[in-house]
Number of protein chains: 2
Amino acid sequence: MRETIEPEGAPDEARGEAARDEGRDEAAVSRFVERFAADLAEAGMQRMAARVFAALLVSDSGALTSAELAERLRISPAAVSGAIRYLSQVDMVVREREPGSRRDRYRLYNEVWYETLTRRDQMVARWESTMRDGAKVLGPGTPAGLRIAETADFFEFVQRELPKMLERWRAQQAERRATESPKTQTP
Amino acid sequence: MRETIEPEGAPDEARGEAARDEGRDEAAVSRFVERFAADLAEAGMQRMAARVFAALLVSDSGALTSAELAERLRISPAAVSGAIRYLSQVDMVVREREPGSRRDRYRLYNEVWYETLTRRDQMVARWESTMRDGAKVLGPGTPAGLRIAETADFFEFVQRELPKMLERWRAQQAERRATESPKTQTP
DNA sequence: CCTTAACTTCACAAATTTGTGAAACTAGCG
DNA sequence: CGCTAGTTTCACAAATTTGTGAAGTTAAGG
């Protein structure tokens with residue numbers, strides 16, 4: 001029951017400068033946006049942040065203004081603001097001030113998955129630190145102390161592995177781009 | 001302000017069959033439990049589940065009864081029940097019915113981290129599926145379609161990598177146990 | 001079989017989170 | 001320099017989540 005009062009046939013002075021994304025099955029796209037957002041939310045991301053991220057993902061330009069996001073997701077500017085604050089904080093989106101206009105655009109960060117995994121890595125680092133302290137408290141002679149020390153070791157292991165894994169992904173991508181279509185280089 | 005009325009000096013008929021965990025700095029242990037639980041909660045785990053898991057982690061036996069958990073964490077049996085339901089569901093804890101007595105014991109699952117990563121893997125699988133569908137909706141000719149297809153590829157890559165990583169961890173552990181102290185085998 | 005210890009379920013009150021409208025800022029543009 | 005489009009902040013109402021007490025269930029032990 002929300003009435004987004006935005007004269008549908010507004011003069012197009014304000015139109016056409018951003019993503020147009022025309023000629024697609026908007027209903028299907030929206031379903032996809034909501035489905036992916038739900039996946040992310042289930043994994044712990046704030047709901048609005050997830051929706052905004054998904055909306056950016058399906059835009060051809062990879063960047064949208066606050067107004068566009070608000071319109072497409074049917075949410076208030078305040079909600080967009082909150083979502084963007086979160087997404088910038090975790091480096092999933094970058095804010096671009098357009099030189100000419102006074103409105104911001106929010107762009108998908110290119111290395112999103114790199115950033116996201118790095119963030120996860122930092123979390124694991126914190127856990128390892130917690131575990132090392134715990135191992136001290138419990139003492140190396142006790143079963144609990146040993147178990148906790150081993151957990152710390154596991155977290156340390158994961159921390160060493162994640163960056164390597166990202167490296168392999170990049171290598172694979174580089175190779176694929178080289179072989180698959182030698183013309184398609186990102187401008 | 002919770003009053004856990006449990007006669008501290010209860011006759012020990014009901015004592016001594018489970019974890020005793022004596023002679024440690026209980027205050028320090030409790031701080032560690034709460035800290036690690038907070039880490040887990042921040043990562044999205046339900047708070048009570050996180051606390052119960054942490055409490056099991058610091059027990060020497062690696063297993064506690066509902067009553068012990070309730071007492072140590074100062075929570076109601078209902079809360080324990082809820083937490084255990086979650087933890088069993090995700091295979092982080094196994095339920096053991098003691099043959100003699102009528103009370104259950106909840107034991108840390110040995111391969112917790114293996115299970116946890118596997119679970120994460122399944123989540124990534126769902127995301128990949130979402131992305132493949134999305135790529136279809138957007139179409140392979142569009143920028144958004146390409147971006148989404150690449151994301152799907154990334155998820156696929158991660159899915160292939162995680163199991164390998166776990167394999168390496170196991171190998172490393174096996175080796176360490178062999179070299180470090182050839183006597184210390186789990187009974 | 002009946003008793004009763006142990007666990008689970010349920011309804012609810014408390015606490016937390018979420019998204020909004022409206023007011024407060026900020027900075028282009030005239 | 002003031003106007004105003006665009007964004008952020010704030011207080012609050014709605015929705016959700018959380019943990020509890022109490023009732024309900026199950027099965028071990030007499």
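Here A/Glu115 pairs with nothing under the salt bridge (charged side-chain N to carboxylate O under 4.0 Å, His left out) rule; sequence neighbours left out. Qualifying side chain to side chain donor-acceptor pair (under 3.5 Å) partners for A/Gln172, counting only residues two or more places apart in sequence or in other chains: none. Looking at residues two or more places apart in sequence or on another chain, you find a salt bridge (charged side-chain N to carboxylate O under 4.0 Å, His left out) between B/Arg24 and B/Asp21, B/Glu26. Partners of B/Ala125 under the side-chain contact (heavy atoms from CB on, under 4.5 Å) rule, at least two apart in sequence or in another chain, are B/Gln159. With sequence neighbours excluded, the residues satisfying salt bridge (charged side-chain N to carboxylate O under 4.0 Å, His left out) with A/Arg95 are A/Asp104. Not counting sequence neighbours, B/Arg47 has no partner by the side chain to side chain donor-acceptor pair (under 3.5 Å) test. Residues satisfying the side-chain contact (heavy atoms from CB on, under 4.5 Å) criterion with A/Ala174, sequence neighbours excluded, are absent altogether.
Against DNA chain C, the stretch residues 34-57 of chain B makes no heavy-atom approach under 4.0 Å.
When the C1' atom of D/dT8 is taken as reference, atom OH of A/Tyr106 falls 9 Å away, rounded to whole Å. If you take OH of A/Tyr86 and P of D/dT9, they are 18 Å apart, rounded to a whole angstrom. Note: CG (B/Leu69) to P (D/dT20) measures 13 Å, nearest angstrom. Residue B/Glu68 contributes atom CD, which lies 15 Å from atom C1' of C/dC7 at whole-angstrom precision. One atom, CD1 of A/Ile75, and another, P of C/dT20, lie 7 Å apart when rounded to the nearest Å. The nearest whole Å value for the distance from the CD atom in B/Glu96 to the C1' atom in C/dA6 is 16 Å. Between the P atom of C/dA6 and the CZ atom of B/Arg105 lies a distance of 13 Å, rounded to the nearest Å. Separating the CG atom of A/Leu87 from the P atom of D/dT7 is a distance of 15 Å, rounded to the nearest angstrom.
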Got a list of protein N/O to nucleotides 26-30 of chain C N/O distances below 3.5 Å?
from   : atom 1 : to       : atom 2 : distance (Å)
C/dG28 : N3     : A/Arg102 : NH2    : 3.4
C/dC29 : OP1    : A/Gly100 : O      : 2.4

Tabulated below should be each protein N or O lying under 3.5 Å from an N or O of nucleotides 9-12 of chain C; please produce it.
none

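Using a 4.0 Å cut-off between charged side-chain N and carboxylate O, B/Glu161 and A/Lys164 make no salt bridge. Ion pair B/Glu68/B/Arg103 not flagged as a salt bridge, since none of the NZ, NE, NH1 or NH2 atoms sits closer than 4.0 Å to an Asp/Glu carboxylate oxygen.
The backbone N or O of B/Leu73 sits less than 3.5 Å from a side-chain atom of B/Arg51, completing a donor-acceptor pair.
The cationic atom of B/Arg170 (NZ for Lys, CZ for Arg) lies less than 6.0 Å from the six-membered ring centre of B/Tyr114 and within 45° of the ring axis.
Comparing the end axes of the helix from C/dC1-D/dG30 to C/dG30-D/dC1, each fitted to five base pairs by superposing C1' atoms of four pairs onto the next four, gives an inter-axis angle of 10° (nearest 10 degrees).
Under the 4.5 Å side-chain criterion, counting only non-hydrogen atoms from C-beta, B/Trp113 is not in contact with B/Leu166.
Between A/Ser76 and C/dG21 there is no side-chain N or O to OP1 or OP2 distance below 4.0 Å.
No more than 12 heavy atoms of other residues, nucleotides or ligands shown are found within 6.0 angstrom of CZ on B/Arg120.
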Using a 3.5 Å cut-off and no angle test, enumerate the donor-acceptor pairs between side-chain atoms of residues 75-92 of chain A and protein atoms at least two apart in sequence or in another chain.
from    : atom 1 : to      : atom 2 : distance (Å)
A/Ser76 : OG     : A/Ala78 : N      : 3.4
A/Ser76 : OG     : A/Ala79 : N      : 3.1
A/Ser88 : OG     : A/Ile84 : O      : 2.5

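When each of C/dC7, D/dT20, D/dT7 is scored by its nearest atom to the side-chain atoms of A/Asp104, the top-ranked nucleotide is D/dT7.
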